[in-house]
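I have placed the structure first, in the form of structure tokens, so that the comments after it can refer back to it.
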Amino acid sequence: MPAPTDSDVAATIGRLLREVAPQVLGVVVRRYRDFAACEDAVQEAFIAAATQWPGEGVPENPRAWLIQVASRRITDHVRAEAARRHREAIVVSLIPPDEQIALAADTGGATERDDTLDLLFMSCHPALSPASAIALTLRAVGGLTTAEIARAFLVPEATMAQRVSRAKQTIYLETLKGSPDSPAKSSARRSRAPLTRIKASGVAFEMPEAGAALGARLGSVMHVLYLMFSEGYAASQGSEILRSDLSGEALRLTRLLHGLVPDETEVAGLLALMLLTDARRAARTGPAGEIIPLDEQDRTAWDREAIAEGVALITETWPKGRVGPVQLQAGSAAVHDEAARADETDWPQILALYGVLSRMSDNPMVALNHAVALAMVEGPAAGLARLDEIASDPRLAGHHRLDAVRGHLLERAGDRTGAIACFRRAAEQTASTAERNYLLLQAARLSDVDRQVPGGRQRRTRAAFSK
């Protein structure tokens, strides 16, 4: 076997760093509490690792090494602040004496614990609005960029950047509550941050205890995991449609969450939804990474064990009580997965599920999928009429999925010219190279009669992103 090249080593180290990033940040944040400073320190530790490890080798315990380096960085930061801002007051307020000693590199102890789930709950702090908490956590745990988070929330990137910045400031101010007066605290009081809300929360920046405190953050944590998985399964930008490391981490964390709260039916539904969706991953793309729509996927390549596990979860969960929106989405995914062929899909059942879901959830993506199901049951005209009803939603303005769905429905209705225009417009709006290529291919297929599917057969309607 040939020796690994420098690029192979760099790629391996990069994957390792992405895997341990949220775990390292979770340990450091819980120890030092200052989220922004901890995030900076962890980034510096990662830069040091990327510089040193290729030449010196990867430590036996990479996570412990990174925690030690980040701890040193944040200790240096605090010392510098102390020298400038009354050393004793700052050191006492930000770093308790019993937490100033960093663990030795490659040692076990507390680092044996997976802290990512703790970081999820810590970041979804009640002093933050749900939207801000979810955005901040997607940065800290999922490693998503501001642009990716903005697309998930259907808001401009600048708006999301401000939201994340305010969330970090709020978390920082939260750590100052109850600490001795200091220049930093006085400056914080003069800031524009929502101090009244922070003081009213009375909740420390730490992992909540089991019970009501943990349950209050559960919805935000689930939303984070759902968006992490969605970005991993259908990347909103870049050349690859799949980011298996991200979707796999979301699935792993959801398993841990289900183990933590096994009686929460919506958590079980979220795990089922991920399993039933991820089961199709091997058939989702072709040899060149091109998107293969759901109705054309090789269903023999689907992961039947994952499907069986997901169906079992839903079957066990639904009789337990009130069915929530996540369980309904999982139910729809199960109907798709249980069909041996695309033309055997029980679309009336999917339509019924999305009908209930659309009444429970004000989510434009749910409305788009409802329009597709309506078209499959009642015809393309019904689906297009539903699209006209939701087209004025400002959250869909400029979003490629609205035009992508309209293009598929217009094709099904026989309006080739209209479908071509929609596909091209959708291709201009997406930041994903794979989705752009797929949409342009649909437009080209309809533009050239000689390149139509043999026999003039029109392709079946797909969901917005052909999952």
Side-chain angles (χ1 to χ4, degrees), residues 151-154 230-231 233-237 241 277 280 284 290-297 325 328-329 332-333 335-336 342 345 347-348 350-355 357-359 361-432 434-447 453 458-467:
R151 278 190 283 272
F153 276 85
L154 305 177
S230 297
E231 181 63 27
Y233 191 76
S236 60
Q237 65 180 10
I241 193 65
T277 304
R280 312 173 199 144
R284 175 130 164 77
E290 70 276 16
I291 294 176
I292 299 178
L294 180 60
D295 62 345
E296 295 181 8
Q297 290 177 13
L328 291 172
Q329 292 181 71
S332 176
V335 174
H336 278 296
T345 302
W347 280 105
I350 292 175
L351 177 60
L353 289 169
Y354 270 105
L357 183 57
S358 63
R359 291 191 292 273
S361 173
D362 179 27
N363 186 320
M365 295 302 135
V366 168
L368 286 177
N369 285 324
H370 181 240
V372 172
L374 195 62
M376 296 302 294
V377 175
E378 300 182 10
L384 288 166
R386 176 69 177 129
L387 285 185
D388 289 339
E389 293 174 2
I390 64 176
S392 59
D393 189 327
R395 293 171 295 179
L396 291 175
H399 201 292
H400 74 281
R401 288 172 182 169
L402 177 62
D403 278 316
V405 172
R406 191 182 296 278
H408 287 307
L409 298 189
L410 287 173
E411 177 188 356
R412 185 173 174 81
D415 184 355
R416 294 162 51 83
T417 301
I420 291 170
C422 284
F423 284 136
R424 287 176 176 168
R425 189 161 55 245
E428 294 175 355
Q429 294 167 338
T430 181
S432 165
E435 284 191 330
R436 182 184 302 115
N437 291 343
Y438 169 78
L439 292 163
L440 290 175
L441 180 63
Q442 306 317 304
R445 173 178 57 82
L446 294 176
S447 297
V453 179
Q458 289 186 341
R459 298 188 181 190
R460 292 180 291 275
T461 301
R462 293 105 170 173
F465 357 104
S466 308
K467 289 187 177 181

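Computed over heavy atoms, backbone and side chain alike; hydrogens, waters and symmetry mates excluded.
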| task | Verify side-chain contact (heavy atoms from CB on, under 4.5 Å) between Leu439 and Arg424, making sure each step is shown before the conclusion. | result | CA-CA 7 Å; Leu439 292 163; Arg424 287 176 176 168; over 6 Å; no
| task | Would you sort out whether Arg386 and Glu389 count as a salt bridge (Lys or Arg N to Asp or Glu O under 4.0 Å), showing the intermediate values? | result | CA-CA 5 Å; Arg386 176 69 177 129; Glu389 293 174 2; 3.1 Å; yes
| task | Kindly indicate, with the supporting measurements, whether the criterion side-chain contact (heavy atoms from CB on, under 4.5 Å) is fulfilled by Asp362 and Arg395. | result | CA-CA 11 Å; Asp362 179 27; Arg395 293 171 295 179; 3.0 Å; yes
| request: Apply side-chain hydrogen bond (donor to acceptor under 3.5 Å, both in side chains) to the pair Glu435 and His400, showing each step before the final yes or no. | output: CA-CA 10 Å; Glu435 284 191 330; His400 74 281; 2.8 Å; yes
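Arg284 places no side-chain N or O within 3.5 Å of a backbone atom of Gln297 that could act as its donor or acceptor partner.
Of the inter-residue distances, the one linking Ile292 atom CD1 with Tyr438 atom OH reads 11.0 Å to the nearest 0.5 angstrom. The distance from atom CG of Leu384 to atom CG of Leu409, rounded to the nearest 0.5 Å, is 5.0 Å. Atom CD of Glu290 sits about 12.0 Å away from atom CD1 of Ile241, to the nearest 0.5 Å. For the atom pair CE of Met365 and CG of Leu402, the computed distance is 8.5 Å after rounding to the nearest 0.5 Å.
Using cut-offs of 30° and 60° on the angle between ring planes, the pair Phe423 and His408 is perpendicular.
Pairs passing the side-chain hydrogen bond (donor to acceptor under 3.5 Å, both in side chains) check and including a residue from residues 374-383, sequence neighbours excluded, do not occur.
Residues Ala371 and Leu387 come closest through the heavy atom pair CB-CD2, 3.8 Å. Here the closest non-hydrogen pair linking Thr345 and Ala342 is OG1-O, 2.8 Å. Nearest heavy atoms, Pro348 versus Val377: N-CG2, 3.7 Å.
Of the charged side-chain nitrogens involved, none lies within less than 4.0 Å of a carboxylate oxygen, so that Glu411 and Arg406 do not count as a salt-bridged pair.
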